[in-house]
Structures are given as C-alpha cells and as structure tokens.
> 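Have a look at the structure that comes next, please.
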Amino acid sequence: MSGCGFETYETAWCPGCGNFGILAALKNALEKLQKKPHEVLVVGGIGQAAKTPQYINTNGFCGLHGRAVPPAAAAKIVNRDLTVIVNTGDGDTYGEGGNHLIHNIRRNIDITHFVHDNQIYGLTKGQASPTTAEGHVTTVQALGSKMLPLNPLLLSLVLGAGFVARGSSGDVKLLTEIMEQAIIYKGYAIVDILQPCVSFNKVNTYKWYKERVYRIGSDYDFENMDAAINKASEWGDRIPLGIIYKKERPVYSDKLDFLKKGKALVYRGLNPQKIQGLLSDFM
Amino acid sequence: MDYNILIGGEAGQGMDTLSAILERTLKRNGFEIFSTKDYMSRIRGGHNFIQIRFGDKKLYSHKESLDVIIALNAESVNLHIDRLVENGTIVINTGSDINDHRLLEIPMKEIAGEIGNAKIAGSVALGTVLKLFNIKRDKVNSVFDKVFKKQDIVEINMKAFEKGYGLVGGKYEVNGMNDDDKIMINGNEAVAVGAIAAGCKFYSAYPMTPSTSIMNYMAAKMNKIEMVVEQAEDEIAAINMAIGASYAGARAMTGTSGGGFSLMVEGLGLSSMMELPLVIAEVQRPGPATGLPTRTEQGDLKFVINASQGDFPRMVIALKNPEDAFYQTVRAFNMADKYRIPVILLSDQFLADYVTTYKPFDFSGIENERYMDNNKSFKKGEKTYKPYELTPSGISPRIIPGSIEGFTVLVDSDEHDETGHIVESGRLRVKMNDKRMKKAELLEEDIQEPEFFGSKDFEVLYVAWGSTFGPLKEAVNNLNRRGGKKYGALIFGDIWPLPKKEIVEKAKKACTLVNVEQNATGQLASVIREQTGIICTKSILKYDGRPFSPEYIIERSKTL
C-alpha cells in the first residue's frame, strides 16, 4: 500500500504480463507527483490494457473499445481539475480508435495517453494488431500478417503531437520517469509502451525486446523535429526508449478564454432566468 | 385572414435572405407566421422554395394554396402555378414569356442594376409584395439592420425596397396588424435555446443535415453562455465525448440525424450501462442510408426505441412544435439527471426548419434539478461512495469526480458491482439488471399522456406523434367544421415508454382508429399494438419526404 493510497486490486492479467510493470510505473509516477486518488481520472477502452482503471484506486472510466480518448478529452474540457490519463492497448488505440487518436492529437487537450503496445490482440486471444510485424503468423493471420505495421511515434509526430515518447514495461524506472514527464506536460502526451504478451505473442518476447532496446542518451535534443523523425524511425535491431519529442504548444483550453478563468466548467451554475435575453435573437 | 406567399428559385439566388426579411417584417407587423423551406441537397442550382404563411390567428401548419408566388425564375411559376388561387399574383422580373392573367412583371433586375448591385433585386420584389398586402413600411429598415448589419448594404436595399413599393397599388386586405410581442423560431433553434436554458455545458456533434443548426446556434453563444460546443471527428466520438462530459459532472448533449445515430448506438447503450445522463437530439430525415438528406420523415421511431443490444431504460420524447421543443428539451435534461438514463429528443427536418411565432418562452418556471449528491450524503469519513449502490428506487447517488477528497467514481461498460468493478457473477448481473430496469418502472410514473384535440364525441380517432401535430390539428379543426363525421386526435409527445392510459380509454370510444404518420410502415401503430394490443384499422401514411399538409390529411380522410 502506497503513501498516496493508489492500492492495487486483484487483476485478471496473466502471470508475467507486461501490464504489471506499466501499472507499477503509473502508481510510482502518481505518487512522485503527489497526486491524490480523487484528483486523477484513468480512462480505458476495452482490452487488457484498458482494464487499468479497474486496478488502481483513482476515478475510473472503462468505456467502449476504441473510444477511450473522446470521453477522456471531454472530461478534461469540462472538469480541468482532474488529471486525466488514458490507458489503452495497441488495438484499442491504433485500430478501433485510430480516428480519435488522429483528431485528439490535433485537438491538443491536456491529457496523457499511455499505450500498452504488445503488438498483438490479447483479450481476443492473439490476432494481429496494427503494430504486429509483417509476416507474423497468428490464428487469423494464418499465412502471416499482410499489412505493414503502423509506427505510432512517427504518426504522432506528423500529426503535431507535442510530447511523444516510448517506454518499456521491462524498464520500470525509466518508464516512471517518462510517465511523470508526460503527466506534467501541458497538452496531449502520448507514450507508446512496449510490453510482451506472454500468452499470445511468441515473437516479441521479453528476450526479443531486451536484445534491442536502449535508452536515448542525455545529449539527445528532443526539441528537434528532424532528430525526432529519425529516432522514431528506428525499429528492428535497435529500438530507442525515452522522450522522442517534446515541445510546448498552445492547448485546447488556451483558445477558449472562458475555460481558463474561473472555476472548472462543471462547477459553474447557470441561472436560466438570466439568459432569457437570448430570445431577442428571435424578435 | 390567412395568406400564403411562395418564394421560388435556384439555390444561391438569395432566397434565404429574402424570406428571412419578408417573414420578419410580417412578424414585426404583429402577424402570426408559419414558414417552411423546401430545399435540395445542393449549394447552387436546382429548385428550392420557401412558403411564408401569415395571418391574424395562430397558425399550426403550412398550407398548399398560394396567394402570391415570388418567382426568381420561370421554373418556379411552372412548378407551383397549379396551387395559385384565382385572385393570386405572380411577381416576376419583366420579360418573362409566361402568359397568365395573374402575372405581375416588375423590373426588379433593372432597378437593382440602376442602384448598382444585382443582389438586391429581391428587395425590389419585397417592396412590391408588401405594398400588394397594404403593409406599412416602417418596420422594414430595422429588419434590414438585423439581417444585413452593414449600413451601406442596408441603404441600397432600402432604396431597392422603396422602388418596389412604389411600383404597384394595394390589392389584398389584411387585418390584425398590431404591436409585435412574439418570437419567431424554428424547431432546431428551440432545442438549442432549451438546452442552453437547461444549463447544458457541453455539446458535441458531427455536422449532419437536418440537425446541424442546433450546433450552429449554440456555437454562436459559446462565450456568452460559457458552454463548450465541439465538432467531433465522427458521431461515435460525439456521443462518447458527451458521455465523458456527463461523467465529469456537466450536463451534456449530442445531436444528429438517423445515419449519425446509427453510429452512436453503442454509445447509447454505454450511457445506460454506466448510468450517465445524456440527451440526444435525433432529427430525422428519410432513410435508410443517406436517403433524402434535406427532406423529412418519421421513419426512425422503432429504431430509436430499440437501438442497442441489451435491455435498459431509455426515454424518447417526440417533439411536436418549436414551443414544445423548447420546454421538452429542458425537461429532457431533468429526466436524464433524475434517472441517470439517455433521453432522446425525436425531431425531423420539417420541425427543425419551419419557423413560426409564439409568445416568448417563459424562463421563470425553469428549474434545473441535477439530482447530484455532492453536498448531501458524502461528507468525508461518513461512508463509502458507491456509484452503483443498490437502492430501493434503483437510482444510485451521483457525485462529481474529484469534488470530494477520499471519494472516487468508477464507471464501467462491463457489468459491474456497486463500486463499479467488473463482475461476472450471475447473481450480481441479475441484481444490476433489475436495478437498471427498476428505473424504467419509476419513469413510467413520470411520463406525459398524449395531447387530445378535436371533438369530444369523435367517431374517428387519429393517433399521431411529433411534428404531425400542426398539420393534423388544422385538418381535424377543418374536418369538424364541415359537419358530418366527428374527428378527434391523440398526439404523442412522450412516446417511450409509451403512455397507455389515454389511448386505451379513447380507443374504446372510437369507431375508427387511424394512425397518421410520415413513414411507410406505421411505426407508431406498431408500437401501440405491441404495448396495448390496440389495432389501428386504417392508416394515413406519407413517405415522399415532404411534410403533411392539412389539405393532404383532409383529402386522405375522405377515402378512409
């Protein structure tokens, strides 16, 4: 049991699942940031990753498959006092939820998005996800996946995301640091988190990742877009971990004055009698 | 006194502006207005027309017979001349090759050219028409101010108007001209104003005809009202955003038409499963698929009352007219909060776009009851907060997440226990399902019976819903005035759960029960039969995408 009260509930994850490392890092990060449970909202869609709100003592919203980001975005707009964190898998985020990812990066609401990317569908037992490698054989992709894998970091960069990072469930210390930075960052922060699926992904295993990942050095300039594009393109023998790109951008609420001043929108009342003047539009 | 003016032409000829000025000028002279638009799904060309009916008594509908046609092209005459009364007038630019004794050619384009702006030809016609009806010109300037805003534009239009006014003498008698004390509003605007008055703080939608003008009105008020109007990337995002805003504590709403609602259906179930209040405006157009995008139908009733997998409570309110739309939208938010359910406002293109006059809506009686428990039971240390606490009513306490230290709110689309955690226990599943459905029983006590009008001694009883209210009201009044058979009508507003008391009582007295609906299969009749066993033996159905007129209902009534 932690100091801030982010206790864990019994989980339905497989023993050895990468999600345990991600959940541990999330709790570490929230504690380091001295957040209290009622100040945090964790949102998931459907999938193994999306069960995260079930297993952490914060406000939680377990929505529909692919649809975690829209309610998270709206919750932040109307109730800016909440620290809003989305936890979804690669299928939830890049497959079913692709359209919402694209447009919420553009919308740039101050929320944080942790994508548990195990390059496979876990909850439905092992089909290809958008990040599954070409040729990867699964029950459905019996002759190997015919599609090119999506590169989430490059996609996020070209859409204009101001905070793009990659973490790994195998490096909880680094992941905790990245998560802290992502939560503090003002704007849409996306962290693609590599994790093995011990039950259904026999290719991208702990060993596979361990042989390839490396921490990005401290001399790296994460404000340089060209460098970021290059770093995000690295995949295969060497896979970089760390903050790929970080730059301040105006956020959604900066463009709506009334959202910035006064209380969060949900705490503002409205006296219907005071707006009867609207009827002059129809006189 | 009851006149009807048609303005016809191609898209892009400025008909919207001309009609806006004409109907507002008539309104400011104290007349009652009923104005409908018939437009094609295109931005230029084609044939569009607007009908402005005005009179000295409350008007419930458009009508078919025409007194004046303002024809911006010859096609408008050909298409509508059959409906022009004997003493009618066709106002058209000089030089047409139409041969009809009702023709009034005026040099509107030439005058506009002389003044120096081709766009103001309509204002010449406006002047001529107002003069034909002997309507004073003193209100025109202020209407131009409101519509055009820029002073130089107002001035040249006034010049054109004066020229047109001077071209002819008076022809028609009007009475009832007095001080204007009314508002003139369409169904979508009334929904938007209602939502704002209800304290809606978040509206997310994807543009879709004929629902878009709800969003347009609200968006124009964002700063003033301090509400967020967000154009979502698709309808799925729109409903899920609204649910997220509702979760976070705001009154939230989305709006769309049938096609967009199809995409929202999973979200509808989510709102119910999570027990998060939500208001959805479904402004119908003919389907399936893209159908007739700019036209009207009542084809989505069975869809919206059955949409989504699973059993859960929902409320569907069919809007009858703009005034009803305003008050019912306010009520929808209160019902959604009270029962923590989705409430669907069912409108249609006809109601969305027709403009009519009312006494200003009364805001003094509006009470926005949130049914929130933030300040009630959950002071720190008192007890644990359970978002799905099993209570005798089935309604669980609700708090704003983040508002009370030590209390968190977990909601779930999976079946869950009282704390919001996922469960698969069969016993708990039954308890939670029963808890949700218990709210449906309570809701039945809160629903409003259909409105009755017509003869108390009716032999023929019409049943109808939503926007059919207006045309049917005029038709029934007219039929009863003629003598012979006596007619009554029940118009459903609250339509799901279906209120049963009135229909069961009145159906017993009726010799003939007739459902009057704008769809091909008689969806209300089907719901009534399913819910009460009562069978409508005759039907008046219309599904050509054009609204009922009183004349049409009367004509069909003769052949019942």
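Predicted model only: the values in this text are computed from it and were never measured. Chain naming here is simple, since letters A, B, ... match the order of the sequence lines and numbering starts at 1 in each.
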> Taking NZ in A/Lys260 as the centre, count heavy atoms belonging to other residues, nucleotides or ligands within less than 6.0 Å. Is the count above 12?
yes
> Ion pair present between A/Arg106 and B/Glu233, side-chain N to carboxylate O less than 4.0 angstrom?
no
> What distance do B/Ile400 atom CD1 and A/His38 atom NE2 have between them, rounded to the nearest 0.5 Å?
12.5 Å
> May I ask you to test the A/Ile275-B/Lys221 pair for a side-chain heavy-atom distance under 4.5 Å?
no
> Can you tell which part of A/Asn271 gets under 4.5 Å to a heavy atom of chain B, answering side chain, backbone, both or neither?
neither
> Given the options B/Ile239, B/Asn186, B/Ile183, which has more heavy-atom pairs under 4.5 Å with chain A than any of the others?
B/Ile183
> Please round to the nearest 0.5 Å and tell me the distance separating atom NE2 of A/His100 and atom CG of B/Asn240.
6.5 Å
> Which bit of B/Met273 is near chain A, if near means a heavy-atom gap under 4.5 Å: side chain, backbone, both or neither?
neither
> Any donor-acceptor pair under 3.5 Å linking the side chain of A/Asn79 with the backbone of B/Ala248?
yes
> With a 4.5 angstrom heavy-atom cut-off, is it the side chain or the backbone of A/Thr83 that approaches chain B, or both, or neither?
neither
> So which part of A/Asn99 gets closer than 4.5 Å to some heavy atom of chain B, the side chain, the backbone, both or neither?
both
> So, do A/Leu278 and B/Lys224 sit near enough that their side-chain heavy atoms are less than 4.5 Å apart?
yes
> Between B/Ser246, B/Pro401, B/Gly267, which shows the greatest number of heavy-atom pairs under 4.5 Å with chain A?
B/Pro401
> Side chain, backbone, both or neither: which part of B/Val409 has a heavy atom under 4.5 Å from chain A?
both
> Indicate yes or no: at least one non-hydrogen side-chain atom of A/Pro37 is less than 4.5 angstrom from one of B/Thr408.
yes
> Between B/Lys182 and chain A, with a heavy-atom cut-off of 4.5 Å, which part of the residue counts as in contact: side chain, backbone, both or neither?
backbone
> Is it the backbone or the side chain of A/Val266 that comes under 4.5 Å from a heavy atom of chain B, or both, or neither?
both
> Which atom names give the shortest non-hydrogen contact between B/Phe202 and A/Ala74, and what distance separates them?
CZ-CB, 3.7 Å
> Side chain, backbone, both or neither: which part of B/Phe361 has an atom under 4.5 Å from a heavy atom of chain A?
both
> Check whether any side-chain heavy atom of B/Asn368 lies under 4.5 Å from a side-chain heavy atom of A/Pro272, and answer yes or no.
yes
> Taking the side chain as every heavy atom from C-beta outward, state whether A/Phe61 and B/Ile243 have any pair of such atoms under 4.5 Å apart.
yes
> Heavy atoms, side chains only, cut-off 4.5 Å: are A/Phe282 and B/Val355 in contact?
no
> Quick one: does A/Ile46's side chain get under 4.5 Å of B/Ser413's, heavy atoms only?
yes
> Using heavy-atom distances under 4.5 Å, tell me whether B/Arg370 contacts chain A through its side chain, its backbone, both, or neither.
neither
> Check each atom of B/Arg251 against the heavy atoms of chain A and say whether the ones under 4.5 Å are side chain, backbone, both or neither.
neither
